[in-house]
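Down below is the structure, laid out as structure tokens.
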Amino acid sequence: MIEKSIISHFLFTKSLSFENMHHSPITSILISLFFILSFNGPTMAADSQDTFQLPSPLPKWPPGGGFASGTIDLGGIQVRQVTTFRKIWATNAGGPDNLGTTFYDPTAIPQGFTSLGSYAQPNNIPLFGHVLVAKDTSKNISKPTLTTPIDYTLVWSSESLDVEKDGEGYVWLPTAPDGYRSVGYIITDSSVKPALDRVGCVRADFTDTPNTTASLEKLYDIDLDGLNVYGSLGGFRVRNRNVGNLKSNLSDSMPNLNQIEALIQAYSPVIYFHPDEPFLPSSVDWFFQNGALLYHKGNESKPDPIQRNGSNLPQGGSNDDTYWLDLPLDGSSKDRVKKGDLQNASAYFHVKPVSGGLFTDIAIWVFYPFNGGARAKVEFINMSLGKLGEHVGDWEHVTLRISNFNGELNSVFFSQHGWGKWVSASGLEYHTGNKPIVYASLHGHASYPKPGCVLIGSGGVDIGVRDDTDKSDKVMDTGVRAVVVATEYMAGAVVEPLWLNYERKWGPKIDYDVEKEIKKMKRVMIGKLKKAFERFVESLPNEMLGEDGPTGPKVKVSWSGDECV
């Protein structure tokens, strides 16, 4: 039987150059044979990656500014996205799911524009990406905004790479003239240096230094024998090598309020809660109206009811443990508020620029009055961890990344217990239209793109804290009661709610008798299982060993910048 990777490679290569071929009868027969074998046999391998498209066409966005116009004007450089590619080199094994990685060059570059780099993507997901191309519009002859490199530096070759591959690949860093920066890398299938006019370098004042810890660079991560390739917004980057980011004109490229509303309706995620989830979200107003209390250190015996709009919450300051919120004192009211109010829950939207305004991030915050206790798996035993992990006032979020070139959804960030991951739009599950599905974990409300069980912790392969997700009839469409709470790039356009600037804790700090809780669980274990559980407990993060209310959205590290993991 012919290997499917060989078939796929043949088909993909032929499809790229088909119109330039003159076939003999034997060649035509062979091509027909390959098609028959491919489409009646196993799924084709990654060389012939399908190109991903969102489930529904993009809507016609409301007018205004330069958002979704196809071109972003940086005031001397025009930039566009190119999403059509020509394969340059690939591996057919290794990387995510052991399916390899493919490197591409852009094709169909508009007249007068120059490529800023090549593109790379693992083969375990459909082809979905772009390369930035630029055009000098400055008319500055002495110091143009775009120029060619003066040389190239070979930063890596595949010659020593011991994996199935299509020939050899070579990664080059353009050497920019003084006062300019390269913003991407070049891939070739030859050790001969690329032509100097193959890529452009950008004048330094139109660039900034990328945040190498930002998770936008970690949409995917490929390790090829010393070459650490990771995704970026314009092509690919090589770890520990310095290339620039483009800076955009925020007033021209970012969406206005009408466009934000349209984006929310197009892409607002639908959250599925676990069938057994008792602790559901609510609106912040509902939490306040149903007995939430404000405590002040030194006067704990006389907490204040919180006003409906949060007008009596302290503003600004710092998280100094002077103030905190808590549930109602009455037992029945406390139990009721813990369960939230899913039917009327709101999602809170923070809209901000990333990559200098070439993209828009829409962070969607959801409030839960209560976070349930953790659950664990210790080999064949599933158990509750008692009160460990419980806390009042749980803030969770997902973030949509939108291209300002066309308004297309690029990726989604799923927050998970203080960290998280980006998932390409091509790897998402969709509810209706282009609305992604988010699965919230049982009790802890961490966000995942797929249902199932994730084990968190370092106790062993079958030992960890359980994050269980599944579909149920408990569903929240975050766009139904959407509230835009902040758009700092449009000064004065949105009035921030008072509770957003409350920067203290949304729940009390309570230290549990951890030893007592753990002792209860160890009673059901014997021998090696008990030892494994003890090692697992030692690996638990401190926040799981006591109840400590979280701070609100505006205090998070990611509020004013990119999502960091």
Side-chain angles (χ1 to χ4, degrees), residues 214-216 260 263-264 267-269 271 279-288 292 294 306 309-311 313-321 323-326 340 345-354 360-371 391-402 412-422 438 440-441 444-447 476 478-479 481-490 493-508 543 548-565:
S215 52
L216 69 90
I260 290 171
L263 290 168
I264 290 172
Y267 300 128
S268 54
I271 303 175
F279 307 117
L280 296 164
S282 77
S283 69
V284 172
D285 288 350
W286 182 90
F287 181 59
F288 293 166
L294 171 66
I306 302 172
N309 62 357
S311 60
L313 293 175
Q315 300 291 288
S318 62
N319 181 26
D320 54 7
D321 292 326
Y323 295 91
W324 62 91
L325 308 187
D326 204 350
S346 292
Y348 303 98
F349 289 68
H350 174 212
V351 186
K352 59 183 178 178
V354 290
T360 293
D361 270 8
I362 302 179
I364 304 166
W365 292 89
V366 177
F367 176 72
Y368 300 79
F370 193 74
N371 189 94
H391 61 79
V392 175
D394 186 25
W395 279 103
E396 301 290 347
H397 78 286
V398 294
T399 298
L400 310 176
R401 177 151 291 164
I402 309 295
V412 175
F413 180 79
F414 294 80
S415 66
Q416 299 158 356
H417 307 298
W419 59 92
K421 63 181 295 186
W422 282 102
V438 175
S441 65
H445 311 132
S447 301
M476 178 182 180
T478 58
R481 282 168 293 278
V483 181
V484 178
V485 294
T487 56
E488 292 93 340
Y489 67 92
M490 290 189 289
V494 172
V495 178
E496 296 182 359
L498 293 172
W499 58 258
L500 186 62
N501 292 294
Y502 167 71
E503 300 190 3
R504 272 76 171 194
K505 290 179 179 177
W506 285 70
E543 57 264 28
D548 196 1
T551 51
K554 211 167 188 179
V555 184
K556 309 302 184 187
V557 173
S558 63
W559 179 266
S560 59
D562 189 18
E563 302 283 358
C564 296
V565 294

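Model, not experiment: these values are computed from the prediction.
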Of all heavy-atom pairs between [X] and [Y], which one has the smallest distance, and what is that distance?
X: Gln315; Y: Gly310; result: NE2-O, 4.5 Å
X: Ser415; Y: Glu396; result: OG-OE1, 3.7 Å
X: Trp324; Y: Gly507; result: CB-O, 3.8 Å
X: Gly316; Y: Glu503; result: O-CB, 3.9 Å

Flag side-chain contact, heavy atom, 4.5 Å: [X] against [Y]:
X: Pro369; Y: Trp286; answer: yes
X: Leu313; Y: Leu498; answer: no
X: Pro497; Y: Val284; answer: no
X: Lys556; Y: Pro550; answer: yes
X: Val484; Y: Ile264; answer: yes
X: Trp506; Y: Val555; answer: no
X: Val392; Y: Pro508; answer: yes
X: Leu294; Y: Pro314; answer: yes

Would Trp365 and Trp395 satisfy side chain to side chain contact (heavy atoms under 4.5 Å, CB included), going step by step from the backbone distance to the final call? CA-CA 7 Å; Trp365 292 89; Trp395 279 103; 3.9 Å; yes
Is there a donor-acceptor contact under 3.5 Å from the side chain of [X] to the main chain of [Y]?
X: Thr399; Y: Asp361; result: no
X: Ser441; Y: His445; result: yes
X: Arg504; Y: Ser318; result: yes

Kindly determine whether Phe349 and Thr478 satisfy side chain to side chain contact (heavy atoms under 4.5 Å, CB included), including the steps that lead there. CA-CA 9 Å; Phe349 289 68; Thr478 58; 4.2 Å; yes
Which residues pass the ring pair (Phe, Tyr, Trp, His ring centres under 6.0 Å) test with Phe414, sequence neighbours left out?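 Scan of Phe414 (ring pair (Phe, Tyr, Trp, His ring centres under 6.0 Å), adjacent residues dropped) gives none.
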Rounded at 0.5 Å granularity, tell me how far OH in Tyr502 sits from CG in Asn319.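 Those atoms lie 8.0 Å apart.
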If I take atom CD1 from residue Ile306 and atom CZ from residue Phe288, how far apart are they, to the nearest 0.5 angstrom?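 Interatomic distance, Ile306 CD1 to Phe288 CZ, rounded to 0.5 Å: 5.0 Å.
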Worked verdict on Ile260 versus Met490 for side chain to side chain contact (heavy atoms under 4.5 Å, CB included): CA-CA 12 Å; Ile260 290 171; Met490 290 189 289; 3.8 Å; yes
Report the residues that fulfil side chain to side chain donor-acceptor pair (under 3.5 Å) with Ser311, sequence neighbours left out, ordered by chain and then residue number.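 Side chain to side chain donor-acceptor pair (under 3.5 Å) list for Ser311, sorted by chain: Asn309.
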Run the numbers on Ser282 and Phe367 for side chain to side chain contact (heavy atoms under 4.5 Å, CB included), then give the verdict. CA-CA 6 Å; Ser282 77; Phe367 176 72; 3.9 Å; yes
In terms of ring plane angle, is the pair Trp499 and Tyr348 parallel, tilted or perpendicular, where the classes change at 30° and 60°?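 Correct class here is perpendicular.
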Do the rings of His350 and Trp559 sit parallel, tilted or perpendicular, given the 30° and 60° boundaries?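 Ring orientation, 0 to 90° scale: parallel.
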Salt bridge (Lys or Arg N to Asp or Glu O under 4.0 Å) partners for Lys554, two or more places apart: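 Once residues adjacent in sequence are excluded, the partners of Lys554 under the salt bridge (Lys or Arg N to Asp or Glu O under 4.0 Å) criterion are Glu496.
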